[in-house]
Asks: 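Quick one: the structure is below, questions incoming.
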Amino acid sequence: MGYVKTHWRGQQPLNRSFWVNGVLLRLGAYGGLALLTWAQPLPKIFLFAAVAADLIVMIWQSVGYFRAAEHNLSGSSSMLPLWGGMVALIVAVAVMLSQWWGLVLAANAPPAEELYSVKMERMRAAQYVLTVDDARSAVTFKGDLTHGVTKRMAAILAENAGPSTVYLDSSGGNIFEARGLAKLITSARLDTHVEENCSSACTIVFIAGATRTADPDAQLGFHGYALMDAAKLPQFDIAEEQERDRLFFVQQGVSDEFAARIYNSPNRSIWFPARDELLRANVLTQESQRK
């Protein structure tokens, strides 16, 4: 505190007051303020504390220097220290104000813009719900089969070794994601169950089940693939893709007669077979035990 007081009173040598207490300390203050501007958004309390501290230091530097310059003038007729100090003060204040403005901008910086990939993943995840029950015995999927579903299901199955059944309630979506889920289900030999509705691409996921059941009022809907699904894939052949999935149905035990009809309905319409027909064709492998 003695050092601070002697500078404040102008009792230190002029060179020290200018170069050490003025220039070097000011450079250190600039560096500290510059570091704070990197923190975005800067907490308001840090903004006010930094500005107040810098203002106090600036006043201490200036008053001490000019008092030392006045003491120096008593033994010299040169006004250079006084005028030089004035110029240095003007420059220091200009830089100080610019840094304060930088702190204000840092404290009011808008949130970092969300990456497009992160935004799309978040939007797609909002289109479905994929959960594990408390007993870790079943996985429930509700919503659209969109990009990212297979990856999420794979993570759930890796984290939970217990699930034996996948409950489905979906009107369909992306057939490639449906095939991804179907592969996971067949590999793990999981059962599938429809609670309310399983249509379009969802039926691929359902057919992957080792045992396939449905609630009494549940519906399974089938139709041909839409041209819009192939628009972005020049090599996509609808007939070939439908045949690929039809063969998968047959491999899973669905009757040839039923499998031959699943893509007869145009994409804008849908075929909901009766429950007894689903049982005869082995789409449903047994009656549901759920009440």
Asks: Quick one: NE2 on H223 to CG on N267, what's the gap to the nearest 0.5 Å?
Replies: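 Going from NE2 on H223 over to CG on N267, the span is 5.0 Å.
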Asks: Rounded to the nearest 0.5 Å, what separation is found between the CZ atom of F272 and the CG atom of N197?
Replies: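 Separation between the atoms: 5.5 Å.
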Asks: Just by distance, do the side chain of S187 and the backbone of L184 share a donor-acceptor pair under 3.5 Å?
Replies: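 Side chain of S187 to backbone of L184, a donor-acceptor pair under 3.5 Å: no, none is there.
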Asks: Using every non-hydrogen atom in the two residues, find where A92 and Y30 come nearest and quote the distance to one decimal.
Replies: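 Scanning both residues, the minimum pair turns out to be O-OH, 3.1 Å.
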Asks: Are any side-chain N or O atoms of S269 and backbone N or O atoms of S265, one a donor and one an acceptor, separated by less than 3.5 Å?
Replies: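 Not at all, since once roles are kept as given, no pair shorter than 3.5 Å links the two residues.
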Asks: Test your reading of the model: is there a side-chain donor-acceptor pair from Q61 to the backbone of N21, 3.5 Å cut-off?
Replies: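 Yes.
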Asks: Does a donor on one side chain and an acceptor on the other come within less than 3.5 Å for Y225 and D245?
Replies: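 A pair is found: one side chain offers a donor N or O, the other an acceptor, under 3.5 Å apart.
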Asks: For a 4.5 angstrom cut-off between non-hydrogen side-chain atoms, does E159 reach V132?
Replies: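 No, too far: nothing below the 4.5 Å cut-off.
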Asks: Taking R212 for the side chain and G209 for the main chain, is one N or O donor matched with an acceptor at less than 3.5 Å?
Replies: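 Looks like yes, one N/O pair under 3.5 Å.
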Asks: When clusters are formed by joining ILVMFWY residues with side-chain heavy atoms under 4.5 Å apart, either directly or through shared neighbours, do M96 and I56 land in the same one?
Replies: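 No, no single cluster joins them.
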Asks: Check whether more than 12 heavy atoms from other residues, nucleotides or ligands sit under 6.0 Å from atom CG of L35, and answer yes or no.
Replies: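 It does: L35 CG has more than 12 such atoms within range.
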Asks: Is F248 close to T186 at the side-chain level, that is, under 4.5 Å between some pair of heavy atoms?
Replies: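 Yes, their side chains come closer than 4.5 Å.
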Asks: Under the criterion side-chain contact (heavy atoms from CB on, under 4.5 Å), I'd like the reasoning laid out for M86 against F66: C-alpha separation, chi angles, the key distance, then a yes or no.
Replies: CA-CA 9 Å; M86 290 295 294; F66 285 112; 3.6 Å; yes
Asks: Using atom types as modelled and distance alone, determine if a side-chain donor or acceptor of Q252 lies under 3.5 Å from a backbone N or O of N282.
Replies: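 Checked: no pair found.
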Asks: Classify the side-chain pair N264/W271 by whether it contains a donor and acceptor separated by less than 3.5 Å.
Replies: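 Judged by distance alone, the side chains do not pair up.
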Asks: Looking at side-chain heavy atoms only, is the closest gap between V139 and L130 below 4.5 Å?
Replies: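 A side-chain contact exists here, since the closest heavy-atom pair is under 4.5 Å.
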Asks: Taking the side chain from D54 and the backbone from A50, do they hold a donor-acceptor pair closer than 3.5 Å?
Replies: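 No; zero donor-acceptor contacts below 3.5 Å.
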Asks: Please check if W100 and V95 belong to a single hydrophobic cluster, counting links between Ile, Leu, Val, Met, Phe, Trp and Tyr side chain heavy atoms closer than 4.5 Å.
Replies: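 Linked within one cluster.
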Asks: Within the distance-only criterion (no hydrogens, no angle test), does the side chain of T203 pair as donor or acceptor with the backbone N or O of S199 below 3.5 angstrom?
Replies: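 The answer is no, because no donor-acceptor pair under 3.5 Å joins these two groups.
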Asks: Report yes or no: does D133 contribute a side-chain atom to a donor-acceptor pair with the main-chain N or O of A138 at less than 3.5 Å?
Replies: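 It does hold such a pair.
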Asks: Within a 6.0 Å radius of atom CG on D217, are there more than 12 heavy atoms belonging to other residues, nucleotides or ligands?
Replies: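 Counting other residues, nucleotides and ligands, CG of D217 stays at 12 neighbours or fewer.
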Asks: Do the rings of W60 and H7 sit parallel, tilted or perpendicular, given the 30° and 60° boundaries?
Replies: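 Because their plane-to-plane angle lies in the 30° to 60° range, the rings of W60 and H7 count as tilted.
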Asks: Between the main-chain N or O of A214 and the side-chain N or O of R275, is there a donor-acceptor pair closer than 3.5 Å?
Replies: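 The answer is yes, because a donor-acceptor pair under 3.5 Å joins these two groups.
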Asks: Do K142 and E196 have side chains that get closer than 4.5 Å, going by heavy atoms?
Replies: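 When only atoms from C-beta onward are counted, E196 and K142 do not touch, as no gap falls below 4.5 Å.
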Asks: Testing the basics here: between S170 and G143, what is the closest heavy-atom pair and its distance to 0.1 Å?
Replies: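 Looking at all heavy atoms of both residues, the shortest contact is OG-O, 2.6 Å.
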Asks: Is there a path of hydrophobic side-chain contacts, each under 4.5 Å between heavy atoms of I, L, V, M, F, W or Y residues, that connects L103 with L105?
Replies: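 In one cluster: yes.
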Asks: Under 4.5 Å between any side-chain heavy atoms of T213 and D191, yes or no?
Replies: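 Result no, sub-4.5 Å side-chain heavy-atom pair not found.
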Asks: Using every non-hydrogen atom in the two residues, find where S200 and G172 come nearest and quote the distance to one decimal.
Replies: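 In this case the closest contact between S200 and G172 is CB-CA, 4.1 Å.
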Asks: With a 3.5 Å cut-off and no angle check, do the side chains of D144 and T146 form a donor-acceptor pair?
Replies: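 No - no donor-acceptor pair under 3.5 Å links their side chains.
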Asks: Hydrophobic clusters here meaning ILVMFWY residues chained together by side-chain heavy-atom distances under 4.5 Å, can you tell me if V23 and I59 are in one?
Replies: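 V23 and I59: one cluster.
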Asks: Under a single-linkage definition using a 4.5 Å side-chain heavy-atom cutoff for Ile, Leu, Val, Met, Phe, Trp and Tyr, are V57 and W101 assigned to the same hydrophobic cluster?
Replies: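 Same hydrophobic cluster.
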Asks: Closest heavy-atom contact between V283 and F206?
Replies: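 So the minimum-distance heavy-atom pair works out to O-CE2, 3.5 Å.
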Asks: Starting at CG of L42, measure out to CZ of F48 and round the result to the nearest 0.5 Å.
Replies: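 Rounded to the nearest 0.5 Å, the CG-CZ separation comes to 10.0 Å.
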Asks: Is it true that a side-chain atom of R67 and a backbone atom of W8 form a donor plus acceptor pair closer than 3.5 Å?
Replies: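 Side chain of R67 to backbone of W8, a donor-acceptor pair under 3.5 Å: yes, one is there.
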Asks: Counting C-beta onward and ignoring hydrogens, is there a side-chain heavy-atom pair between L279 and E287 closer than 4.5 Å?
Replies: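 Side-chain contact under 4.5 Å: yes.
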Asks: Evaluate the criterion salt bridge (charged side-chain N to carboxylate O under 4.0 Å, His left out) for residue pair R280 and E277; output intermediate values, then yes/no.
Replies: CA-CA 5 Å; R280 286 197 308 270; E277 187 173 3; 5.0 Å; no
Asks: Hey, could you give me the CG/OG1 distance between L278 and T285, rounded to the nearest 0.5 Å?
Replies: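 It comes to 11.5 Å.
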Asks: Between E177 and R152, is a salt bridge (charged side-chain N to carboxylate O under 4.0 Å, His left out) present by the stated rule, with each step listed?
Replies: CA-CA 11 Å; E177 290 292 334; R152 178 63 184 139; over 6 Å; no
Asks: Between atom CG of L168 and atom CG of L220, what is the distance when rounded to the nearest 0.5 Å?
Replies: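 Separation between the atoms: 9.0 Å.
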Asks: Before you tell me yes or no, could you show the steps for L14 and Y65 under side-chain contact (heavy atoms from CB on, under 4.5 Å), namely the whole-Å CA-CA distance, both residues' side-chain angles and the distance that decides it to 0.1 Å?
Replies: CA-CA 7 Å; L14 188 61; Y65 174 77; 3.5 Å; yes
Asks: For F46, look at atom CZ and say whether over 12 heavy atoms of other residues, nucleotides or ligands are found less than 6.0 Å away.
Replies: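 At most 12 heavy atoms, drawn from other residues, nucleotides or ligands, come within 6.0 Å of this atom.
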Asks: Whether the T6 and Q12 side chains hold a donor-acceptor pair (N or O, under 3.5 Å, no angle test) is what I'd like checked.
Replies: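 Side-chain D/A pair, T6 to Q12: present.
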Asks: What closest approach, in Å, do G148 and Y128 show between heavy atoms, and which atom pair accounts for it?
Replies: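 That would be O-OH, 3.8 Å.
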Asks: Side chains of D215 and H193: closer than 4.5 Å at any heavy-atom pair?
Replies: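 The answer is yes, as the side chains (C-beta and beyond) meet within the 4.5 Å cut-off.
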Asks: As an exercise, state the distance from CZ of R179 to CD1 of I204, rounded to the nearest 0.5 Å.
Replies: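 If we round to the nearest 0.5 Å, R179:CZ and I204:CD1 are 6.0 Å apart.
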Asks: Below 4.5 Å, heavy atoms only, C-beta onward: do L89 and M58 meet side chain to side chain?
Replies: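 Sidechains of M58 and L89: in contact.
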Asks: Give me the atom names and distance for the closest heavy-atom approach of V250 to A259.
Replies: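 In terms of heavy atoms, the two residues are closest at CG2-CB, 3.7 Å.
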